[in-house]
Each structure stands twice: as structure tokens, then as C-alpha cells.
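First listed ligand is number 1; within each ligand, the first listed atom is number 1.
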Amino acid sequence: MSDPKTVKLVDESTQRSSTLPLVAGTLGPACIDIGTLYKDTGHFTYDMGYGSTASTKSAITYIDGDQGVLLYRGYPIEQLAEKSSFLEVAYLLLNGELPKAAEFASFEHDVSHHTMMHESLKNFFQGFHHDAHPMAMLAAAVASLSAFYHDDLDVENAADRKLAAIRLIAKMPTIAAACYRYSIGWPFRYPRNNLEYVDRFLHMMFEVPSEPLQMSPVAAKALDLLFILHADHEQNASTSTVRLVGSTGANPYASIAAGITALWGPAHGGANEAVLAMLQEIGTADKVETAVKRAKDKNDNFRLMGFGHRVYKNFDPRAKIIREMTHKVLGELGVNDPLLEVALKLEEAALKDEYFVERKLYPNVDFYSGIIYKALGIPREMFTVMFAIARTAGWIAHWIEQHETPGSRIGRPRQIYVGHDVRDYVAAGKR
Ligand code: ACO
């Protein structure tokens with residue numbers, strides 16, 4: 001028997017029906033194309049939180065949440081984490097193939113030569129109070145890039161799109177470091193083009209005029225790995241936001257600024273900051289049991305931050321890699337952080353608790369990343385900014401793919417209206 005190629009939906013009350021094609025990808029389940037459903041039956045579909053809805057076709061990243069598989073352009077995350085670098089992964093996400101040596105050299109040159117912030121952009125920071133959250137400054141500064149590069153940008157032009165991608169990947173660490181330095185009252189540092197991507201960022205973060213910075217290869221390697229693991233994750237909330245904004249024809253800086261704000265929420269990228277806050281609040285391993293109890297209590301809005309995922313119903317492969325790396329990095333840096341013991345105890349307790357087992361709640365990418373950032377001297381408020389630097393590669397790859405896909409349409413969901421039926425206006429004195 002051959003596989004069914006269509007699915008038939010019948011409204012039994014009206015007998016109107018729709019025969020809907022199944023659309024198969026290279027991997028993963030086939031999807032029912034419901035494009036003609038409204039015309040055929042007069043009904044929309046309803047899928048709160050998009051649990052069963054594919055919003056696009058994409059050739060960038062594949063996740064099998066049941067098996068714990070993550071592929072960038074077909075390459076397993078484990079192999080990229082072991083053998084690649086963030087900048088090479090960024091090239092891969094953007095271009096679809098791993099670069100040959102000359103292609104990589106040219107890409108690295110282009111990124112290195114677009115790292116400067118416009119001097120006027122620096123003035124924007126002065127408008128923020130010193131304790132402004134760095135994610136607020138980052139979103140505003142990236143949106144402001146539109147003001148500098150909007151006029152000479154044609155989103156329909158492939159070369160312009162590529163230049164915007166280079167600019168965003170190049171400038172994001174410069175802007176991120178400026179957010180940090182502004183918050184602690186340090187002078188901004190110019191990017192050093194002779195340094196590699198991650199070293200350049202660490203230099204802009206931590207160098208002070210009064211003494212030379214001792215660069216740590218261990219710190220750079222750890223950060224590069226974290227950037228690889230965070231570079232893309234198919235149609236997550238922030239990437240879908242970038243695509244929705246991009247579908248209107250908005251410029252890439254505006255689209256990615258929207259992605260940054262979506263990432264900030266604690267249910268998404270903000271979880272890395274929330275995990276560390278939670279571990280600090282728990283404080284010691286003997287309080288883990290109480291935390292697990294609270295997380296299970298439906299009358300308590302406390303959740304185990306860094307646990308659970310919409311797609312992974314098995315170990316998040318990124319969490320596995322980061323977990324291993326945490327021990328290694330802390331060991332190599334000679335950091336003894338008691339929060340690691342709390343995290344390990346919490347993971348152990350949750351993984352054998354029926355509540356978490358039944359719901360297939362496992363540690364996600366953010367559970368251990370904060371402990372590493374902390375060991376690298378990166379403050380908690382900057383954790384989601386770190387995530388944003390890395391995810392920019394994925395966001396802009398998706399934005400470009402969207403613009404290269406023929407027949408792309410503005411994203412415009414429907415709704416189930418549950419408000420008042422039509423009613424007449426009542427004069428103020430008669431209400
Ligand atoms: N702690 C306690 N219970 C949880 C948790 C958690 N972290 N996550 C999910 N649950 C429970 C829910 O209460 C729900 O229980 P119920 O079936 O009895 O009602 C069940 O597990 C399913 O959870 P949902 O919220 O429906 O799952 P959803 O797919 O909508 O949410 C999410 C996924 C947002 C990641 C959620 O697991 C969560 O809030 N986790 C904590 C925040 C976090 O770590 N976010 C980072 C995700 S990774 C990333 O974006 C980079």
C-alpha cells in the first residue's frame with residue numbers, strides 16, 4: 001500500500017469537505033497543507049501556541065525532539081561542536097555549505113571589517129540610565145542600525161541582504177560589549193580586527209585602559225562552543241518573530257531587533273538569566289527537594305527554569321554537550337562554583353521525579369550555560385545578550401531564506417473571536 005498523499009476533512013454538519021495535500025520534507029513528519037481549508041469548508045484551524053503547525057518550509061535546521069537530534073544544514077550539532085567554530089557555523093547557516101578555505105578567509109575578512117559601530121550610535125547609549133537592562137539597550141541599538149543603513153538597503157537585492165547579514169554578525173558583539181561597559185561605567189572599546197571573532201568580543205568586554213588584558217584560550221574556546229550551540233534552532237519564538245516581521249518587508253535590523261525582544265522572555269532565551277537567579281535563590285543542595293516540590297505545585301507559579309522544551313521530549317542534545325563542558329571549563333579555569341552542585345542535584349532530583357518523567361521534562365540548553373558564563377566573568381544580566389549574539393547568525397539566515405523563497409506572503413494569523421456580538425453605542429450619561 002502506498003503512503004496517503006492527501007487527508008480529507010469533512011464538516012459533518014454541512015457535508016462540506018476539503019481534500020488536503022500532504023507535504024513531505026526530507027526529514028520529519030509530513031504536514032497537511034490547509035491552504036484551501038477556509039475556501040472549501042468555511043473553517044479556520046486553531047492551534048494555540050502552534051504545537052501542530054508548520055509556519056514555513058526551511059532547509060536550515062532540523063530537530064527531532066523525540067530522538068534528541070539537532071542538525072544545522074544536515075550536520076549533527078555534536079560534530080559541529082567538536083570540530084567547527086562559530087564563524088564557520090555562521091557561514092554554514094547563511095550559505096548552506098561548509099566553506100572552503102578561501103571562502104572562509106573571505107567571510108572572516110568581511111566580518112572583521114564591519115565590526116565598528118557608527119560613532120553617532122555610541123551617543124544613543126548616553127540616553128539610558130546606567131542600570132538599564134542590557135537586553136533593552138541591545139534591542140534599541142540594533143533597531144537603530146536601521147537609521148544608519150536603511151536608505152541604501154534594498155531587501156529584494158541579494159547583495160544588499162548579504163551585506164546586512166555581515167554587518168549584523170560583525171556588529172552584534174561590538175554593541176553587546178558596549179551595553180555591558182555602559183552599565184558599569186567603563187569606556188567603550190573599539191574592535192580589534194586582528195583578533196578572532198570570540199577573542200575580539202572578550203577583548204571589547206574586559207580590556208581596561210590601565211593594564212593589558214590576559215586573554216584566556218579556555219574562555220574563548222568555551223564561549224565559541226556556546227555560540228555554536230545557540231546559533232540556530234529552527235522556528236522557535238524569536239526566529240518566528242524575525243520571520244513575521246520580515247514578512248512585512250521590514251528591514252533586517254528592525255526584524256532582528258524584534259527577534260531580540262522575543263528572545264528576552266524567561267520562557268525563551270531569558271531562561272539562562274532566570275536559571276542562575278533560581279540556583280542562587282535555592283542556594284544550597286539541601287534546598288533542592290523544596291524547589292522540586294514547588295515546581296510541581298500547580299498553585300505555585302515557580303517553574304524549574306532551564307527545564308522543559310516545546311520540541312525536545314528527550315534530552316536536549318545541546319544540554320548534554322554543555323553539561324560535559326561545564327565540568328571541564330570550571331576545572332580548567334580553576335573555578336569552584338557551589339551553584340554547580342546545586343544544579344547537578346536539581347537535575348538528578350527532577351530526572352527521577354514522576355512529575356518530570358511523565359511530562360518528559362529534561363534540562364534544556366539554558367540549564368548549565370549560565371554557570372559557564374558566570375565562570376567567564378560575564379554578569380547575569382548579559383546572559384541573554386550572549387544568546388542573542390549567537391542567534392543572530394540563525395535569525396539572519398532565516399530572514400534571507402524567507403526573502404529567497406518564491407511566493408512568500410505576509411504572515412497574518414486568524415483568530416477565534418470571543419468578544420461581544422455587535423451592539424449599539426450608549427451615550428455617556430446612560431451607561
Ligand atoms: N517546571 C515545572 N513544570 C513544567 C516546566 C518546568 N520548567 N515546564 C513545563 N512544565 C509542565 C507544565 O506545567 C505542564 O504541566 P501540565 O501538563 O500538568 O499542565 C507540562 O509540563 C507541559 O508544559 P507546557 O508549558 O505546556 O509546555 P510548553 O511546550 O508550552 O512550554 C517551555 C515549554 C516554555 C520551555 C516550558 O517547559 C518552560 O516554561 N520551561 C522553563 C523555562 C525555560 O527553561 N525556557 C527555555 C526553553 S529553551 C529556549 O527557548 C532557548
Side-chain angles (χ1 to χ4, degrees), residues 46-53 55 61 63 65-66 68 70 72 77 135 226-242 259-279 281-282 288-323 342-343 345-373 380 383-395 398:
Y46 175 57
D47 180 18
M48 183 81 146
Y50 309 113
S52 298
T53 299
S55 59
T61 289
I63 304 172
D66 295 324
L70 170 61
Y72 293 165
I77 192 67
M135 281 297 278
L226 285 173
F227 281 179
I228 293 174
L229 299 178
H230 284 91
D232 193 42
H233 213 228
E234 50 118 307
Q235 310 309 321
N236 56 83
S238 56
T239 304
S240 297
T241 302
V242 170
I260 292 170
T261 56
L263 186 74
W264 195 0
H268 190 15
N272 55 13
E273 188 180 336
V275 169
L276 209 80
M278 174 189 75
L279 294 176
E281 194 188 316
I282 295 172
V288 157
E289 209 179 305
T290 316
V292 172
K293 236 186 234 156
R294 282 190 64 197
K296 298 190 290 183
D297 181 356
K298 294 288 174 202
N299 299 315
D300 189 333
N301 61 12
F302 174 81
R303 277 191 167 199
L304 281 196
M305 300 314 287
F307 256 79
H309 198 275
R310 169 61 60 78
V311 182
Y312 292 118
K313 302 301 172 195
N314 195 326
F315 240 95
D316 178 338
R318 303 166 300 173
K320 261 192 200 165
I321 298 169
I322 296 183
R323 187 184 195 277
V342 179
K345 265 269 162 355
L346 192 57
E347 180 187 357
E348 189 191 333
L351 288 181
K352 60 182 187 215
D353 191 291
E354 205 180 312
Y355 173 97
F356 290 89
V357 174
E358 246 176 36
R359 290 169 179 75
K360 300 185 175 163
L361 300 170
Y362 291 87
N364 59 49
V365 68
D366 286 326
F367 191 65
Y368 285 103
S369 63
I371 296 178
I372 299 181
Y373 288 136
R380 205 170 88 189
F383 290 179
T384 316
V385 173
M386 298 292 110
F387 194 154
I389 296 173
R391 187 54 60 86
T392 296
W395 287 331
H398 281 272

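At least one heavy atom of Lys298 sits closer than 4.0 Å to an atom of ligand 1. Using a 4.0 angstrom heavy-atom cutoff, Ala295 counts as in contact with ligand 1. The closest approach between Ala274 and ligand 1 stays at or above 4.0 Å for every heavy atom of the residue.
Among Gly270, Pro363, Gly308, Ser238, the residue whose heavy atom lies closest to atom 37 (O) of ligand 1 is Gly308. In the candidate list Phe356, Tyr355, Tyr362, Phe387, Tyr355 is nearest to atom 11 (C) of ligand 1, counting heavy atoms. Counting only non-hydrogen atoms, the option in His309, Arg303, Arg318 that gets closest to atom 39 (O) of ligand 1 is Arg303.
Every atom of ligand 1 with a heavy atom of Asp366 under 4.0 Å away is listed here by number and element: 51 (C). The contact set between ligand 1 and Ala271, taken as ligand atoms under 4.0 Å from a residue heavy atom, comprises 43 (C), 44 (O), 45 (N), 46 (C). Contact atoms of ligand 1 toward Gly306: 43 (C), 44 (O) (distance under 4.0 Å to a heavy atom of the residue). Every atom of ligand 1 is numbered from 1 in the order shown, and the set under 4.0 Å from a heavy atom of Arg310 is 28 (P), 29 (O), 30 (O), 33 (C).
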One pair to check against side-chain contact (heavy atoms from CB on, under 4.5 Å): Met386 and Leu226. What are the steps and the verdict?
CA-CA 9 Å; Met386 298 292 110; Leu226 285 173; over 6 Å; no
After noting the C-alpha distance and the side-chain angles of Leu276 and Asn272, does the key distance pass the side-chain contact (heavy atoms from CB on, under 4.5 Å) rule?
CA-CA 7 Å; Leu276 209 80; Asn272 55 13; over 6 Å; no
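Of the heavy atoms in Leu361, only side-chain atoms (C-beta onward) come closer than 4.0 Å to ligand 1. Contact annotation for Val275 and ligand 1: no heavy atom of the residue comes within less than 4.0 Å of the ligand.
Taking atom 42 (C) of ligand 1 as the reference point, the nearest protein heavy-atom neighbour is Met305 CE, 3.4 Å. What sits closest to atom 41 (C) of ligand 1 on the protein, heavy atoms only, is Phe307 O, 3.3 Å. Here the heavy atom of the protein found nearest to atom 50 (O) of ligand 1 is His268 ND1, 2.8 Å. Looking from atom 21 (O) of ligand 1 to the surrounding protein, the closest heavy atom is Arg359 CD, 3.3 Å. Closest protein heavy atom to atom 45 (N) of ligand 1: Ala267 O, 3.0 Å.
Using a 4.5 Å cut-off on side-chain heavy atoms (C-beta onward), His398 and Gln235 make contact. At a threshold of 4.5 Å between non-hydrogen side-chain atoms, the residues Lys293 and Asp300 do not count as touching. Under the 4.5 Å side-chain criterion, counting only non-hydrogen atoms from C-beta, Ile77 is in contact with Ile321.
Ring centers of Phe307 and Phe356: under 6.0 Å apart, within the cut-off. If you look at Phe387 and His233, their ring centroids are not closer than 6.0 Å.
The distance criterion of under 3.5 Å between nitrogen or oxygen atoms is not met by Gly269 with respect to ligand 1. Geometrically, ligand 1 and Leu304 share a nitrogen or oxygen pair separated by less than 3.5 Å.
Shown here for Ala349 and Val292, the closest heavy-atom pair between the two residues is CB-CG2, 4.0 Å. Across all non-hydrogen atoms, the minimal contact from Ala390 to His230 is CB-CB, 3.7 Å. Between Ala237 and Ala262 the shortest heavy-atom distance is O-CB, 4.3 Å.
For atom 31 (O) of ligand 1, the nearest protein heavy atom lies 4.0 Å or farther away. Under the 4.0 angstrom criterion, atom 4 (C) of ligand 1 counts as having a protein heavy-atom contact. When distances from atom 27 (O) of ligand 1 to the protein are checked, no heavy atom turns up under 4.0 Å. In this structure, atom 16 (P) of ligand 1 has protein heavy atoms in its sub-4.0 angstrom surroundings.
Atom CG of Asp47 sits in a crowded spot, with more than 12 heavy atoms from other residues, nucleotides or ligands closer than 6.0 Å. Around the NZ atom of Lys313, the shell of radius 6.0 Å holds more than 12 heavy atoms that belong to other residues, nucleotides or ligands. Crowding of Tyr50 atom OH: a count of heavy atoms from other residues, nucleotides or ligands under 6.0 Å not exceeding 12.
Using modelled atom types, one finds a donor on one side chain and an acceptor on the other under 3.5 Å when comparing Glu347 with Tyr368.
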